[in-house]
Amino acid sequence: MAPLFVFPQKLQALEKNDEEEYQGNRLFVQNAIDIARFRPPELEEFVKGVSFDLSDKELYCIEEQDVFDRVYSLVRGFSSLAPSCKFILAESLRSNLSVLLPNVDSLVRVSQVQDDDETPMLDRVTSYRNAFKIYSFFLLHIILTEESNTGSSNNAKVIASSRKKQPVNSWNWESQRGRMLNLIANSLEINLSLLFGSPDPDENYLSFIVKNTFSMFEKATLLKDSETKDALCHIIGACATKYHYTEQSSASIMHLLHKYDFVVTHMADAVAFAEKKYADGTLACSLIREIGRTNPKSYVKDTAGAENIGRFLVELADRLPKLVSTNIGLLIPHFGGESYKIRNALVGVLGKLVAKAFKDVEGEVSAKSIRLQTKQAMLEILLERCRDVSAYTRSRVLQVWAELCEEHSVSIGLWNEVASVAAGRLEDKSAIVRKSALNLLIMMLQHNPFGPQLRIASFQATLEQYKKKLNELEPVKLTEGMTDGVPSDNDSINGEGEVDNGNAEEVTNYQPESLTDSLAHTEQEIASQDSSVPDVGNVEQTRALVASLEAGLKFSECIAATMPTLLQLMASSSATDVENTILLLMRCRQFQIDGAEACLRKMLPLVFSQDKSIYEAVENAFVTIYIRKSPVETAKNLLNLAIDSNVGDQAALEFIVGALVSKGDISSIAISALWDFFCFNVNGTTAEQCRGALAIICMAAKSSSAILGSHLQDIIDIGFGRWAKVDPLLARTACIAIQRLSNEDKKKLVLSNGSRIFGILESLITGFGLPDNIWYAAADKAIDALYILHPTPETLAADLVKKSLSSVFDGTRGDALQNDIASGNSIVLSTIQVVKLSRYLFVASHVAMNQLAYIESCVRKIQKQKGNKGKVDSEGTENAETQKDNGINAELGLVASEDAVLDTLAERAEKEIVSGSYSEKNLIGECALFLSKLCRNFVLMQKYPILQASAMLALCRFMIIDAKFCDENLQLLFTVVENAPSEIVRSNCTIALGDLAVRFPNLLEPWTENMYARLKDPSVSVRKNAVLVLSHLILNDMMKVKGYINEMAVRVEDKDERISNLAKLFFHELSKKGSNPIYNLLPDILGKLSTQDLQKVSFCNIMQFLIGSIKKDKQMESLVEKLCNRFSGVTDVLQWENISYCLSQLSFTEKGVKKLIESFKTYEDALSEDSVMDHFRNIINKGKKFAKPELKVCIEEFEEKLNKFHMEKKEQEVTARNAEIHRQKVGNMEGFVMAGNNGEESAESDIAEGVSDSEVINTPVEAQTESSNDESTSKLVEPEESSGACSEVTEQEEETEIQSRRDNKKGASRSRVKKSNMKDVKVTLSATTQRVTRLRKKVEE
């Protein structure tokens, strides 16, 4: 009988040494051959000889000593073999083992037949067992050797491949490796019990196989080969399940999961393979049990391991849902752990189980009921986890709910509860949770079971009809089965809250006919519908449909109620919030949710966002909603947008239309359709639609001005024709269209219809054909158009001003009226005169503004011509003489002088607009003088607010044009902006101040405080405009951040939400500039807010917001020092509280904590206040969370020091109060004795008016006790022992303070003593004197 082969720990252990001579009948290597001494041909012959022996002899010839030694020698030096030799050896071993395996089964059959002579059979079994183990050992060792060599040579291959291509091995190792591992895996499937003589194989064999298999799982590249991975999973599953190697395998799997993240899915595959192959979930249960009993705190420290374990659980639940569902109770306690990653994983596990573990409806009723209860419990846990403390877990739960909705695993009974939770999470403080909530609502709309249209009115109408139908079918109304609109556990509902299958099928089949069709009607059609409805079936089916309709109505109402929140999210600073909100609103619009269309209109201003992703989201949504395949529909959508939009939306619409025209998304066919609407070529077109079409065409013309050239005559005929009387704003839109013409079209228009168009514009400005509220807007654009079209606009503009003036002041009576207004006399104006005067002021001021712009455009034209001329000269077109003259002029500085002359002329022309020359009268200048006097006539202005609004607007325009006029009227402007009763006037003046600050910053600088004062205006409109103006000036570096920025900070807590948001936006943008100016401004803001009459809550909110905008650690550390230093110069308790609150809001670092400890001297006096101490305790609690052990010790010592100092301060205060009380008593007694000595003869009468000794002492004590809030102080005061309290006061400062307080209150104490009305006093004066003496001695002691 051959020696037994025992699996060694390593290959070299097979070589026999002296110590192993007496180990019994064991197979060792007797004569190892050093193959390194062979030459390649000799080595190849040697390998072939071994291969021949293995193939020619019996399968178990491997146990023969000579063959064993030679194979061992080759396996030991396998890495040095040539590829061909490797292939021969490996293939020989593999083929022999593959032949051996079926022979084991035949050996079983032979053993069952031959029972006479068992000895030969036993020897043969032993030989097979030896051969089986030797082949397995050598093959595995070859795999491990080749893998280690492959891994170490990978780097060398990467380096060498760039220089020279290396020859590929003649054998494909990856395919060989897969075949060899598959063979070893299949070897575990034969009847090994016969070979090993027991149900389980040899422990050494199993441990060797399992150990090396798990070691191969540590190589990510190896697992990429699917054949290799499947073989490894097969080996693990067989050993752990079939051969009961579960505990060791579980430990190895847990080790790998904690260490490597790439093995998670492969391990899940291995466990799932074991369960499916052998119908035994022992390994999976063991792993779940091991994970479940792990201490949750260990997952907090090992975050990577926790994530891997979590992923493994989710993968396992996906592959084995039923098995995991039966063991889920072991994992539920981890929901109480601190590791959010484990909680995330458990949430994912529950989602997988709900979706997959309960699909089997077969089985007993009791088992089905238990499964449904389990599923319901899981769903309740998922709902509960939506309120998890971790934002990551809350987000993950919502993602799981979205997956369940997509897989139709959420019942109708639970649908609205999930929708309500998702709607609530839209206001979550975490952006990732809000994103998940938005995606969940999108998914719920997409997969909702109620139909493609979810209008509330439609649902209500349909629901009412079917309720009536149900009442007809059901004489006695059953109410006990209805709960919140959804039936409870009755005939039509199962234990999970789902409609029974039979009813649900009929409801589902009926919905396309009832819900969808009925929802397609408008509200008016629904109102006029006949009460008869299609018959659904019996009572139960009708009841189920009613329940579904009620659930659908509730769902529609829930989604519609989120519209205000979605509007807020569109203004979020997070791009993901905005993008997903737009996607949700688009889906809501698709399902006709109430309010979705209006909310989508609000997204238009977001096209100005600096975030590219937000702009793209808005543009995509705009194209999806409004740009259709049909050009007519596209045109109609766009013109309706233009009609319904406000000023801000029109600016956004103009921007996006221009971008889409330039891209080609709005085609020329759609533009032609718009022209058809404008020209009334489409039946049923209204004047309003005509105006909207022209407005869109004007927007498109900004990108392509040639669009307007083809319809010039139509613009004049329709825009200023009879349709302008029907829609007065049409004329204004036509003026805009004229301004947008290309230069060629403008010249063409002036040549062909110049006199007509100028006459139309003049009559529009000077006439009274338009209402007042529209005339100003139309005249504004008409004057702009005149200055753009007319070759000499100043002459025509002068005529306009004269005509407008003559309409107000005509004849001698007009001159008198003008003089009365200018002199400030009290006069009475008619309504017509007020309107005419307001229009005249508007025309004159707007002409002046356009004249200024015209002068600047002329200067630019001259400069452009000079530039073009210089460019031509530089190209060498001039002759030599001209070049010489230009060179001389340049040397003499004549070129520079030409620019100076041009600037001088431009400046002079600008001044002449308002000021004019001293010798000549100036049309606009005369108006400006008159206007200045008119605005100073406050009596007249208060009588006519409309006139004041026009006058102040004109005054501000003149001030913007001329610096001298501005300087002369600044006092007037600020007087009006502060005292004008009309908030419109104050708002307009506030806006004008911003323009003045840009044009004349030096003139406005002394008035900075007055500009900030507008932030305190009682009018919401004025405050909003003040915030906008100051934000624009400061953020664009047109105004320095002065010491009044605290007024802007107060607006953060403004009662109006719009103003509050604008102020927050200002500080948010300010924090982005440079090194965050808020950091430098914060101490000053703190000091000024502390002195203002501000509520404590408002102060805290403001400072919390401002401190939150400071992100840098260095700035935080510096703020600690700055704030601590402010304690030194402050004695007010309120300011102590405010400073300490700000300190508690800082994000402390290790350096920050150390600075706080070092600055103890600065705030030690403030520690006597409980509120200050509370803030310091908050700081300490924060510091303990992030502190390292060394710092934590310092913080704890600091905490002890604070508490000790706080108690000492409190004791000193108590002592000081007692001492003060006692000194008051002594003062009272001294006064009493003095009074007694001065009137000895009348002593008894004086004493009768006073009090007894004991009451004299007690009276001030009671008074002091009533005035103090400290109950402990009053308890410490005793009538007989209070005199000794002063002995505790040892510090000089406290004695001085007590003395001063006593002196101040001595007079008051005397008066109280004299006024006490005690009448039964019978004590002599000498006794009183003795008592006072004893008190004095105690005080001196």
Side-chain angles (χ1 to χ4, degrees), residues 563 566-567 570-571 578 581-583 585-590 592-609 614-682 684-704 707-708 718-719 723 727-730 732-734 736-737 740 777 781:
M563 294 301 148
L566 295 179
L567 279 179
M570 278 204 290
V578 180
T581 300
I582 291 173
L583 291 176
L585 286 172
M586 289 176 64
R587 192 54 56 90
C588 290
R589 181 181 179 277
Q590 177 186 344
Q592 300 184 8
I593 297 293
D594 295 9
E597 188 77 34
C599 285
L600 276 172
R601 293 280 182 92
K602 302 294 183 181
M603 79 175 178
L604 286 177
L606 294 174
V607 296
F608 299 114
S609 173
I614 293 178
Y615 169 76
E616 290 176 350
V618 175
E619 186 181 272
N620 293 334
F622 187 89
V623 171
T624 304
I625 296 170
Y626 301 111
I627 309 300
R628 303 294 177 87
K629 292 182 180 179
S630 170
V632 177
E633 288 185 15
T634 299
K636 198 167 185 179
N637 289 337
L638 293 175
L639 66 88
N640 287 333
L641 266 180
I643 293 169
D644 299 336
S645 299
N646 55 29
V647 177
D649 290 343
Q650 283 183 352
L653 185 60
E654 181 174 330
F655 182 87
I656 196 169
V657 166
L660 293 176
V661 168
S662 60
K663 280 183 175 182
D665 290 334
I666 297 179
S667 62
S668 58
I669 304 176
I671 299 296
S672 299
L674 286 167
W675 279 120
D676 290 338
F677 276 104
F678 174 70
C679 298
F680 294 92
N681 294 334
V682 178
T685 304
T686 62
E688 195 176 40
Q689 288 178 324
C690 171
R691 170 173 57 85
L694 184 59
I696 296 295
I697 293 171
C698 291
M699 295 174 186
K702 205 164 186 180
S703 296
S704 177
I707 291 174
L708 294 166
I718 299 174
W723 290 105
D727 187 354
L729 285 174
L730 182 59
R732 176 181 180 272
T733 310
I736 297 173
R740 299 278 169 87
K781 299 301 178 184

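Remember, it's a predicted structure, so these values are computed and weren't measured experimentally.
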Would you check if [X] and [Y] make a side-chain contact, meaning some heavy-atom pair closer than 4.5 Å?
X	Y	value
Val682	Val632	no
Met699	Ile656	no
Phe622	Leu641	yes
Ile696	Leu653	yes
Glu619	Leu660	yes
Leu585	Ile582	no
Ile593	Met563	yes
Cys690	Asp727	no

Of the non-hydrogen atoms in [X] and [Y], which two are nearest, and what is the gap between them?
X	Y	value
Cys698	Arg740	O-NH1, 2.8 Å
Ala673	Ala635	CB-CB, 3.7 Å
Ala659	Ser703	N-OG, 4.4 Å
Ala642	Gln650	O-NE2, 3.4 Å
Leu729	Arg691	CB-CD, 3.5 Å
Ile707	Ala701	CD1-N, 4.4 Å

Going by salt bridge (charged side-chain N to carboxylate O under 4.0 Å, His left out), name the residues that satisfy it together with [X], two or more places apart in sequence or in a different chain.
X	result
Asp649	none
Lys702	Glu654
Asp676	none
Arg587	none

Original post:
So, the side chain of Thr685 versus the backbone of Asn681: is there a donor-acceptor pair under 3.5 Å, distance only?
Top reply: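 No, Thr685 side chain to Asn681 backbone: no donor-acceptor pair under 3.5 Å.
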Original post:
Can you list the residues that meet the side chain to side chain contact (heavy atoms under 4.5 Å, CB included) rule with Lys636, with sequence neighbours excluded?
Top reply: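 Lys636 satisfies side chain to side chain contact (heavy atoms under 4.5 Å, CB included) with Asn640, Phe677, Gln689 once adjacent residues are dropped.
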Rounded to the nearest 0.5 Å, how far does [atom2] of [Y] lie from [atom1] of [X]?
X	Y	atom1	atom2	result
Cys588	Met586	SG	CE	11.0 Å
Leu638	Ile643	CG	CD1	11.0 Å
Ile736	Lys781	CD1	NZ	5.0 Å
Arg601	Asp644	CZ	CG	5.0 Å
Leu674	Ile669	CG	CD1	12.5 Å
Ile697	Ser704	CD1	OG	12.0 Å

Subject >> For Lys663, the option from Asp665, Ile666, Val661 that meets side-chain contact (heavy atoms from CB on, under 4.5 Å) >> reply: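 That would be Asp665; it is the only one of Asp665, Ile666, Val661 passing the side-chain contact (heavy atoms from CB on, under 4.5 Å) with Lys663.
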Original post:
What is the ring orientation for Trp723 with Phe680, classed by angle as parallel under 30°, tilted 30 to 60°, or perpendicular over 60°?
Top reply: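 Plane angle under 30°, so parallel.
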Would you give me the side-chain donor-acceptor pairs under 3.5 Å for residues 623-630, sequence neighbours excluded?
{"from": "Thr624", "atom 1": "OG1", "to": "Asn620", "atom 2": "O", "distance (Å)": "2.7"}
{"from": "Arg628", "atom 1": "NE", "to": "Ile625", "atom 2": "O", "distance (Å)": "3.0"}
{"from": "Arg628", "atom 1": "NH2", "to": "Ile625", "atom 2": "O", "distance (Å)": "3.1"}

